[in-house]
Amino acid sequence: MAEDVWGPRWSSVTDSFSRRYMQTAAEKETLICFAADLQTVDAVRKTVESIGPYIACLKLHVDIVEDWTSQGWVDVCDLARELDVLIWEDRKFADIGRVSRQQMGGVVDIRSWADIVTAHLISGPDIVDGLLNGWNDVGRDGGILLLAQMSSRGNLLLPNYTKKVVEQGREMDGVMGFIGNGSNPDDVKSLRELVGEGKMIWTPGINLNTGDGVAGQQYGHPREAVLAGADCLIVGSGIHKSNNPIEAAKEYARVSWDALLDR
Ligand code: 6AU
């Protein structure tokens, strides 16, 4: 089933976290990762509970949460796992390898609950080993998404930088793939040309209402992003700011799935 819908991506992308994602997406018929940019543990838990069937991944910013407790977080993560949802902490690591490894621990102990984290390659390749060692320190594994493009207006991830990130990241074990600019299908297309079939492209900047968002965010249409080569669509406001988050999540799932079938 997953093999049929994902086509060459399934045979070329072999890391276990991408495979888990593609399997889940195929079973639940959704390419949606929910960006839970919410301020309380309860708000995250309740939203995940209600939209869990329509998402394949949950993206968290643990440092946004105001009433964080270790037990509350364990409950959120347990719930996500029960609902077959991968857990991604979008911490956007960017430090040297040693410090990145340490930052996987600390008070919130990302290495113990996140399956996926995000990293900039700006500090050089050792950040990847640092993060993988962070998981190894607690006997776990995880996947890394490297920022190759961004969705925000005026960002400095220019084509030459994107190319360098992809050239290095393509060859690295533990790197699931790249963050691309979902607000612009041409950017996604050119990123796919650089990446080839062997790694994932996950895209933020996705909304059914395209155009400018708050504070320089830019939005493109989910269908266009998938047709241009995106494998997972990161949707935050489009769901949690909607009057009916459940219906919104269903609709994003439907649009993303139909686009994959058409691709
Ligand atoms: O749908 P939104 O605009 O409400 O939320 C978009 C989410 C946020 C950002 O932290 C994240 O996507 N994001 C990222 C990621 C995923 O790394 C990169 C980027 O370039 N733009 C972006 O918005 O949680």
Side-chain angles (χ1 to χ4, degrees), residues 17 21 30-39 43-44 47-48 51 54-65 85-94 110 114-122 127 131 142-159 161-162 165-166 169 175-188 190-191 199-222 224-226 228 230-243 245 248-249 251-253 255-256:
F17 287 88
Y21 164 74
T30 176
L31 271 57
I32 301 303
C33 168
F34 174 55
D37 299 339
L38 302 165
Q39 264 127 337
V44 177
T47 314
V48 172
I51 68 166
Y54 314 113
I55 60 173
C57 183
L58 169 67
K59 188 176 82 65
L60 300 160
H61 279 298
V62 66
D63 45 2
I64 286 181
V65 176
V85 171
L86 279 161
I87 302 169
W88 168 14
E89 166 55 32
D90 186 15
R91 167 71 179 64
K92 296 189 181 67
F93 293 91
I110 293 167
D115 302 312
I116 301 170
V117 299
T118 334
H120 286 285
L121 210 55
I122 190 86
I127 190 167
L131 295 171
I144 298 166
L145 290 166
L146 295 176
L147 287 131
Q149 295 174 337
M150 290 195 76
S151 64
S152 45
R153 180 175 63 197
N155 73 75
L156 301 178
L157 283 69
L158 302 174
Y161 178 81
T162 300
V165 170
V166 173
V175 171
M176 295 170 65
F178 304 92
I179 299 297
N181 174 19
S183 75
N184 182 336
D186 288 339
D187 283 358
V188 179
S190 60
L191 182 59
K199 299 270 187 201
M200 303 250 99
I201 295 177
W202 290 26
T203 58
I206 297 291
N207 202 295
L208 287 162
N209 295 317
T210 58
D212 291 338
V214 175
Q217 176 68 303
Q218 308 170 111
Y219 291 114
H221 196 276
E224 287 186 30
V226 174
D231 300 312
C232 176
L233 306 180
I234 297 139
V235 182
S237 321
I239 294 173
H240 67 75
K241 287 262 191 282
S242 156
N243 292 332
E251 182 61 6
Y252 279 97
V255 172
S256 67

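Whatever order the structure lists them in is the order used to number ligands and atoms, beginning at 1.
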Under 3.5 Å between any N/O of [X] and any N/O of ligand 1: does that happen in this structure?
X    : answer
G236 : yes
Q217 : yes
D37  : yes
T118 : no

Minimum side-chain heavy-atom gap [X]-[Y] below 4.5 Å:
X    : Y    : result
N207 : Y252 : yes
V117 : R91  : no
T162 : F178 : no

Is it the side chain (CB and beyond), the backbone, both or neither of D90 that lies under 4.0 Å from ligand 1, heavy atoms counted? side chain
Structural part of K92 in contact with ligand 1, heavy atom criterion under 4.0 angstrom: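 K92 to ligand 1: side-chain contact only, backbone stays beyond 4.0 Å.
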[atom]: nearest protein contact (heavy atom, Å):
atom                    : answer
atom 3 (O) of ligand 1  : Y219 OH, 2.5 Å
atom 12 (O) of ligand 1 : P204 CB, 3.5 Å
atom 20 (O) of ligand 1 : S151 N, 2.8 Å
atom 9 (C) of ligand 1  : K59 NZ, 3.8 Å
atom 10 (O) of ligand 1 : H61 NE2, 2.9 Å

A quick test of your reading: do over 12 heavy atoms of other residues, nucleotides or ligands sit less than 6.0 Å from NZ of K92? yes
Would you say W202 contacts ligand 1, with heavy atoms under 4.0 Å as the rule? no
Quick check on F34 - does any of its heavy atoms sit under 4.0 Å from an atom of ligand 1? no
Not counting sequence neighbours, list each pair that qualifies as a salt bridge (charged side-chain N to carboxylate O under 4.0 Å, His left out) and has a residue in residues 203-214.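 Residue pairs passing salt bridge (charged side-chain N to carboxylate O under 4.0 Å, His left out), neighbours aside: none found.
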Where do T30 and A253 come nearest, in terms of heavy atoms and distance? OG1-CB, 3.4 Å
Minimal non-hydrogen separation, P204 against G180, with atom names: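 Looks like CD-O, 3.1 Å.
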From I64 atom CD1 to L38 atom CG, the distance as rounded to the nearest 0.5 Å: 8.0 Å
Aromatic plane relationship, W202 with Y21 - under 30° parallel, 30 to 60° tilted, over 60° perpendicular: tilted
Residue selection (non-hydrogen contact nearest atom 4 (O) of ligand 1) among S237, A36, S183: S237
